[in-house]
Structure formats: structure tokens, C-alpha cells
Asker: 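Below you will find the structure I want to go over with you.
Values in this document were obtained by computation on a predicted structure and should not be read as measured data.
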Amino acid sequence: ASALISLADEKHHSVSAVERDGVAFGQVRLRFDEPGSAEISYWLGEEYWGKGYGSRVVGDYCEKAFLDHPEITRLFARVHKEHRASQRILEKAGFAHVATDGEWHVLERRRQL
């Protein structure tokens, strides 16, 4: 997590720690490679899985991303086809499946106009 969070100083990344009661238990990140788009990725400590944190973190971070970066019209994520829990987290946060690239599903969420 520390290595990923240190990327926040890079121009093409925005990385935040995920905390509860002052204890970091994960991270969420945006990667800016395409104009108008950003890729979101995240992870949570295993002891926090299955408790609804992922859905809240991703949903809240997407809202913040659209507010903080008005140039972004599309957020997307790549999820391994067998990682159904992560796909559900993204779906609950408003993402929809748009493509499959080998072993990976691509999901996206568009800015609401």
C-alpha cells in the first residue's frame, strides 16, 4: 500500500488510503492515461472483505473523482473474469460491463450529465 500511495505524487496517479477509525485497511487509485478517462483500482485488507466496505469506498471515490476532475467523463476498471466479488462492487457503484479482453472484464461508469 505504501508503494502505491507514494505514486500519488506522480502526475498520472491519484492514490488514497482507505481508513476506518484512523486505521488504514486499503487503498484506492485513479490512473490518468487517456484524455477524459481514468482507470480506478482498489484493494482492501482481507479481514474487511464481505462487509460492504468495498462498495462504499468505490462509490464514494467515484463521486469524488468526478467532482475533483471535471475533465473526466468516464471511469473504467479491469477485473479478472473469476473475481466476481470485485465485479459486484463495481456494479453496485454504477459500473457496467462493456468488454472482455482475454481473462479480464472491462467495466465503466460514465459521468451523469
Asker: Does a donor on one side chain and an acceptor on the other come within less than 3.5 Å for Arg20 and Tyr53?
Answerer: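 There is such a pair between these side chains.
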Asker: Would you check if Tyr48 and Val18 make a side-chain contact, meaning some heavy-atom pair closer than 4.5 Å?
Answerer: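 Counting from C-beta outward, Tyr48 and Val18 never come under 4.5 Å.
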Asker: Taking all atoms of both residues into account, what is the closest heavy-atom pair of Cys62 and Ile40, and its distance?
Answerer: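 That closest heavy-atom pairing would be SG-CD1, 4.0 Å.
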Asker: Checking Ser41 against Arg29: is there a side-chain donor and acceptor pair closer than 3.5 Å?
Answerer: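 Present: a donor and an acceptor within the cut-off.
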Asker: Listed by chain and number, what are the side-chain contact (heavy atoms from CB on, under 4.5 Å) partners of Glu103, not counting sequence neighbours?
Answerer: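 Scan of Glu103 (side-chain contact (heavy atoms from CB on, under 4.5 Å), adjacent residues dropped) gives His80, Lys81.
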Asker: What I'd like to find out is whether the side chain of Ile89 reaches to under 4.5 Å of the side chain of Tyr42, using heavy atoms alone.
Answerer: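 They are in contact (side-chain heavy atoms under 4.5 Å apart), so the answer is yes.
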Asker: Name all pairs fulfilling the ring pair (Phe, Tyr, Trp, His ring centres under 6.0 Å) condition that reach into residues 54-77, sequence neighbours left out, sorted by first residue then second.
Answerer: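 Residue pairs with at least one partner in residues 54-77: Phe32-His69.
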Asker: Check side chain to side chain donor-acceptor pair (under 3.5 Å) between Glu34 and all other residues, then give those that pass, not counting sequence neighbours.
Answerer: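 Residues passing side chain to side chain donor-acceptor pair (under 3.5 Å) with Glu34: none at all.
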Asker: Looking at every non-hydrogen atom in both residues, tell me the closest pair between Arg78 and Trp104 and how far apart they are.
Answerer: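 Smallest interatomic distance, heavy atoms only, reads C-CE3, 4.1 Å.
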Asker: Does Gly36 offer a backbone N or O that forms a donor-acceptor pair with the side chain of Arg74 under 3.5 Å?
Answerer: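 Not confirmed, Arg74 side chain does not pair with Gly36 backbone.
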Asker: Quick check on the hydrophobic clustering: are Trp49 and Val79 connected, directly or via other members, by side-chain heavy-atom contacts under 4.5 Å?
Answerer: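 Trp49 clusters together with Val79.
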Asker: Where do Phe95 and Ala77 come nearest, in terms of heavy atoms and distance?
Answerer: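 Result for this residue pair: CE2-N, 4.4 Å.
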Asker: Answer yes when Glu63 and Arg109 have at least one side-chain N-carboxylate O distance shorter than 4.0 Å, and no when they do not.
Answerer: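 Judged by the 4.0 Å cut-off on N to carboxylate O distance, Glu63 and Arg109 do form a salt bridge.
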Asker: Taking only residues two or more places apart in sequence or in another chain, which ones pass salt bridge (Lys or Arg N to Asp or Glu O under 4.0 Å) with Asp68?
Answerer: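 Here the qualifying residues are Lys64.
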Asker: To the nearest 0.5 angstrom, please state how far the CG atom of Leu90 sits from the NE2 atom of His105.
Answerer: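 Result: 11.5 Å between the selected atoms.
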Asker: Go through the structure and list residues passing side chain to side chain donor-acceptor pair (under 3.5 Å) with Arg110, not counting sequence neighbours.
Answerer: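 If we apply the side chain to side chain donor-acceptor pair (under 3.5 Å) test to Arg110, skipping adjacent residues, the hits are Glu108.
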Asker: Which residues pass the salt bridge (Lys or Arg N to Asp or Glu O under 4.0 Å) test with Glu91, sequence neighbours left out?
Answerer: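 Per chain and number, Glu91 pairs via salt bridge (Lys or Arg N to Asp or Glu O under 4.0 Å) with Arg84, Arg88.
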Asker: Should Ile72 and Val106 be regarded as members of a common hydrophobic cluster, given that ILVMFWY residues are connected when their side-chain heavy atoms come within less than 4.5 Å of each other, either directly or indirectly?
Answerer: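 Each belongs to a different hydrophobic cluster.
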